[in-house]
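No hydrogens, no waters, no symmetry mates; every other heavy atom, side chains included, goes into these values.
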Amino acid sequence: MRAQMAEHPAVDSVNPEQDRLRALEIAAKHLALGGSLHDVLDRVIVGAADAVPALRHDLAIQLPNGLTHSRSRGDREVAAEALTRTGRHAHGHDRDKDFGGNVLAAPVASGTHSYGTLIAIAPQDAHFSSDDHIMLAAYAHHAAAGIEMTILLAESREQRETAEMLLEAARSLSEQYTVDDVAQSMSEAALVLSGANRSGVALWDSGTAQLRFHGATGWRGALAQKLSDFVLTTQESPELSDMLICPAPLLIDGRGSDWAQSMLDHFELKALLAIPILTNEDFRGLVIAHWDGNPPRSLDHAAVQRLSGLAGLASVALHNAQLMEEARWKALRDPLTGLANRTLFEEELQRALGKASGAGHSVGVLLCDINRFKRFNESLGHGAGDEVLRQVATRLGRCVDGGDIVARINGDQFAVLALCPDAVDRAAMIIAEIRQSFAEPLRIGSEMLFADVAIGVATSTGPSIEEAGAFGKPAQRMMELADLDLHRSKATITGHINPDQADTERLRLETDLRGAAGRGELRVHYQPQIDLANGSIVGVEALVRWEHPELGMISPASFIPIAEESGLIREVGTHVLQEATRTGASWHKAGLPVEMAVNVSVAQLSAPDFLSQVKEALHQTGFPAASLTIEITESQVVTDHAVLRTVLRELRELGAGLSIDDFGTGFSSLTQLQRMPVTEVKIDRAFTTEQTSSAVSPFLAGIVGLGHGLSLRVIAEGVETEAQLAAVRAAGCDRAQGYLLGRPGDAATILRHLKQTA
């Protein structure tokens, strides 16, 4: 071998070639010592000097992930001069046959990958030999093997660390049972896996087409609030739009859209890495790592791999959590209305009672029953009944605050839970809201129905639960108190003064009412109706009375509701209709052609044979249909007119008149009145009794004007004073009835009066 460069130090050996081979072996062994990539590269550049001595050595490599590294050793100025002179460059691969130059390059390449170049530079007056080229090439090959081994070991360690981290994340996720808890656990894991400054998990709501954060880690103060309020749509972000079309890892570092830059500025970030969460290829959301300093310049393979693994775990965890939430929701929610069910309500009530005792607050419970709900179902069908329940649930929800709870606890019964400093006042406010809310009709399909509720109240500061005789847990006992108050409210409305005896009295009245007509206990009385133009009696209203053999005379307000709910109303109504038409027919034969008004309930009108009963009564008695007026209350017309419209139209075709009783107390509209084939309205006595002088009140005048505007006859009820009589006459009423004009009496009494005034 020819002499080496003159500048090489003398080698004290009889065989320099063996010495160089030994140096190459030692340098190669050093490369296999392990350590970090930086350590290996440092050893490569040092070992190059042992393999091929020179004034300067340069190493430039590029890793598979795109990152570049360089190392230098020796005189920089000499190297620059030599490179300029020879035109060689650090990244070229010098394989020229002319080895007389002073720049020598060897590729750093393994059997599978080319990493870069190793260069040796000699002074101007020295040249490398072919042996130098062989030695540098051999060393560069060893260097490539060392780099590749280091990379593989690093990847192996990284994969092991990633697997351990993901296993820990999986354990944590398996302990979360709600979507929000899963998202928060994911964000905590993302911070560790990515090495970022902050992290978050945003979930996609396909229903609203919005992306919202459900979990965040590392966010503080105002920035945390910004993130909590952040909502993103595809219209705002082209990046999100692209993600929905083709989900893939995305690095946003200000080089993207205007939205991306403004978003980074808004959250004081330098960059973020977003990894899509997919379930069966459907986009569910993003795992996001955020950097507020030293951002990555490209998609880091390790961070992407780790966060992608987390996103895969998240997909399963989110799906499982969603299934569990749905199962819990179904178990604790009413499927028809979406409200809490009785189980959840009592759980919340028990929890509220515990909190209230320590916070000095009180708890209020309201139980609400829909009045006449059975009638809705029977008249309009169960589908309409379900819709009534849904709309009632919605209205009750509007009557409470965000901290209150509304539940459907069974059938047509709802409950409201209020936690506040003064439950008594709060309950009164809620009741007022409920009353006002139900003043407006419900729209059921094309129909407008009016519903109201009976309400029972119990408060934690109210009467002693023990005194009330309630049993069970505090929540159950409080529910029982509210239920007792609900029954008390209903009993008062139906005329039962003592709620404790309501069920007993009701059972007796229902039992005794059966067959009362056949036993002659039902009496029909008649109250005169006066023509206000001439003062003559032109008609009467038939009123049923029950003369109980032991209890005496029972008010219709007490037994008519029982008759309606028990089905006995048909028996009672048939008796009144037959007796009234028989009496009216006898008066007509006596030359007294007065009209007869008969009150009929919706239960009677809804019966399939009602019309035939009317026809039969008219036929048997000979009473003219034109002299018969069927009276139904305004609330019945509004509530049930969809079912009644056909039978009412047939009654009109028969010749009978149709009167709306208690007009002004319901909520019928002009449209509804126009659609109903009515001929008469009767002003409720509440408006008449308000007349303390002969001056006409605006309400009375308005009702009369409305009736006449619809070409209806107007009758005033409850006239008891001369001032009231003068007022209804001045208002333009056509007829009137009341104690001043004639008290109800039996047929014989009214007949004598008719003859006297004829």
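The neighbour count for His141 NE2, taken as heavy atoms of other residues, nucleotides or ligands under 6.0 Å away, does not exceed 12. Atom CG of Asp258 is surrounded by 12 or fewer heavy atoms from other residues, nucleotides or ligands within 6.0 Å. Crowding of His38 atom NE2: a count of heavy atoms from other residues, nucleotides or ligands under 6.0 Å not exceeding 12.
Under the side-chain contact (heavy atoms from CB on, under 4.5 Å) test applied with Arg71, the options Ile61, Asp58, Asp42 reduce to a single match, Asp42.
Listed by chain and number, the residues in a ring-ring contact (aromatic ring centres under 6.0 Å, His included) with His266 amount to none (sequence neighbours excluded). Applying the side chain to side chain donor-acceptor pair (under 3.5 Å) rule to Thr112 yields the partners Ser110, Glu148; only residues at least two apart in sequence or on another chain are considered.
Defined by atom type and a distance below 3.5 Å, a donor-acceptor pair is missing between the side-chain atoms of Glu188 and Ser185. Counted by atom type alone, Gln184 and Asp180 present zero donor-acceptor pairs between their side chains at under 3.5 Å. When only modelled atom types and interatomic distance are considered, Gln350 and Glu346 share no side-chain donor-acceptor pair under 3.5 Å. For the 3.5 Å distance criterion, the side chains of Ser187 and Thr217 qualify, holding a donor opposite an acceptor.
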Thr233 and Glu236: CA distance, side-chain angles, deciding distance, side-chain hydrogen bond (donor to acceptor under 3.5 Å, both in side chains) verdict: CA-CA 6 Å; Thr233 66; Glu236 299 171 281; 3.1 Å; yes
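With hydrogens and angles disregarded, no donor-acceptor distance shorter than 3.5 Å links the side chain of Arg435 to the backbone of Phe438.
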